[in-house]
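Step one of this worksheet: look at the structure below.
We use all heavy atoms of the structure for the numbers below, so side chains are in, but hydrogens, waters and symmetry mates are not. Convention: sequence-line order gives letters A, B, ...; per-chain numbering from 1.
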There are 2 protein chains.
Amino acid sequence: MEEDKRRRLEESGWKVGSAADFLDLTEEEAAYVELRLALSETLRERRMEKGLTQEELARRIGSSQSRVAKMEASDSTVSLDLLVKGLLATGATRGDIAAAIAPEGTTRAA
Amino acid sequence: MEEDKRRRLEESGWKVGSAADFLDLTEEEAAYVELRLALSETLRERRMEKGLTQEELARRIGSSQSRVAKMEASDSTVSLDLLVKGLLATGATRGDIAAAIAPEGTTRAA
DNA sequence: GGTCGATATGTCACATATGGCATAATTTAC
DNA sequence: GTAAATTATGCCATATGTGACATATCGACC
């Protein structure tokens with residue numbers, strides 16, 4: 001489970017710093033990367049729940065299928081801005097986004 | 001209070017769309033802008049609580065005083081990525097950021 | 001096997017965000 | 001008052017993110 005997350009990060013271009021060792025991430029860097037990962041996972045979940053294809057979601061945000069694929073893969077060339085816009089396009093509210101960002105078990109329903 | 005928010009937005013380069021009328025923002029656009037605004041306000045609060053100058057915070061994130069000023073002003077040329085990095089540099093956790101994003105009264109302490 | 005819809009990956013020209021700098025405006029301390 | 005510190009604003013060269021496209025890979029179905 002944790003091993004799985006590590007592999008996904010490395011495959012997404014996150015050789016943070018020059019040491020490029022996963023364990024050398026500072027707390028800040030780790031939090032930043034995990035936050036992005038949480039958002040991209042939530043994006044995929046929400047898109048699928050809505051029964052949308054990447055192509056359809058792409059059209060909603062004026063982007064392309066390939067970029068949506070990269071969003072969901074947490075590719076390093078994807079901005080937080082685009083991730084958030086993607087989430088909003090699936091109908092997510094600020095509260096939904098906050099819930100996606102917060103570490104597990106730290107929020108409750110409004 | 002609401003009027004105040006509107007003015008700050010307009011001064012930050014958020015003439016969204018071409019109609020440029022505040023009331024023409026879609027729900028999504030409004031949520032996006034408000035989310036950014038919430039983060040920039042929280043950034044300023046946290047920086048001041050820590051007794052940091054913009055200059056000092058800038059150094060922590062490898063940026064410049066002028067950019068930090070723009071972050072706190074929610075300038076339209078500032079990315080969410082930079083805002084989040086700034087918050088993390090003040091010691092904010094994912095939970096802190098989530099709390100900043102969520103609309104008032106929808107979270108509780110972990 | 002093969003077809004088809006969906007997703008993944010690589011590349012590129014162009015748009016936007018970036019740090020840095022100068023300088024103006026504002027606040028704070030004396 | 002005014003000097004010093006801090007913050008705001010404008011600008012620019014460059015770095016980074018962007019949509020678009022081609023193409024590869026995957027899965028379901030026959």
Check: Taking side chain as C-beta onward, heavy atoms only, is A:Leu39 less than 4.5 Å from A:Leu87?
Finding: yes
Next item on the list: Taking the side chain as every heavy atom from C-beta outward, state whether B:Leu80 and B:Leu35 have any pair of such atoms under 4.5 Å apart.
Entry: yes
Notebook entry, point to check: Donor-acceptor pair under 3.5 Å: do we get one between A:Gln65's side chain and the base of C:dA8?
Noted result: yes
Checklist line | side-chain contact (heavy atoms from CB on, under 4.5 Å) evaluation trace for A:Ile61 with A:Arg67 | finding: CA-CA 11 Å; A:Ile61 61 177; A:Arg67 192 131 286 272; over 6 Å; no
Note to self: Using every non-hydrogen atom in the two residues, find where A:Ala31 and B:Leu88 come nearest and quote the distance to one decimal.
What the structure shows: CB-CD2, 4.0 Å
Check: Should the pair B:Lys50-B:Glu56 be classified as a salt bridge under the 4.0 Å nitrogen-to-oxygen rule?
Finding: no
Quick one: [X] [atom1] to [N] [atom2], roughly how many Å, whole number?
X: A:Asp75; N: C:dG10; atom1: CG; atom2: P; value: 9 Å
X: B:Glu55; N: C:dT23; atom1: CD; atom2: P; value: 17 Å
X: A:Arg44; N: C:dA6; atom1: CZ; atom2: C1'; value: 11 Å
X: B:Gln54; N: C:dG19; atom1: CD; atom2: C1'; value: 15 Å
X: B:Glu72; N: C:dT27; atom1: CD; atom2: P; value: 15 Å

Note to self: Between B:Gln65 and B:Glu55, is there a side-chain donor-acceptor contact under 3.5 Å, judged purely by atom types and distance?
What the structure shows: no
Checklist line | Touch class at under 4.0 angstrom, heavy-atom based, for B:Arg59 against every strand present | finding: nothing
Next item on the list: Give the B/S/- string for nucleotides 13-20 of chain D, one per nucleotide from 5' to 3', where a protein heavy atom under 4.0 Å of the base yields B, of only the sugar-phosphate yields S, and otherwise -.
Entry: ----SBBB
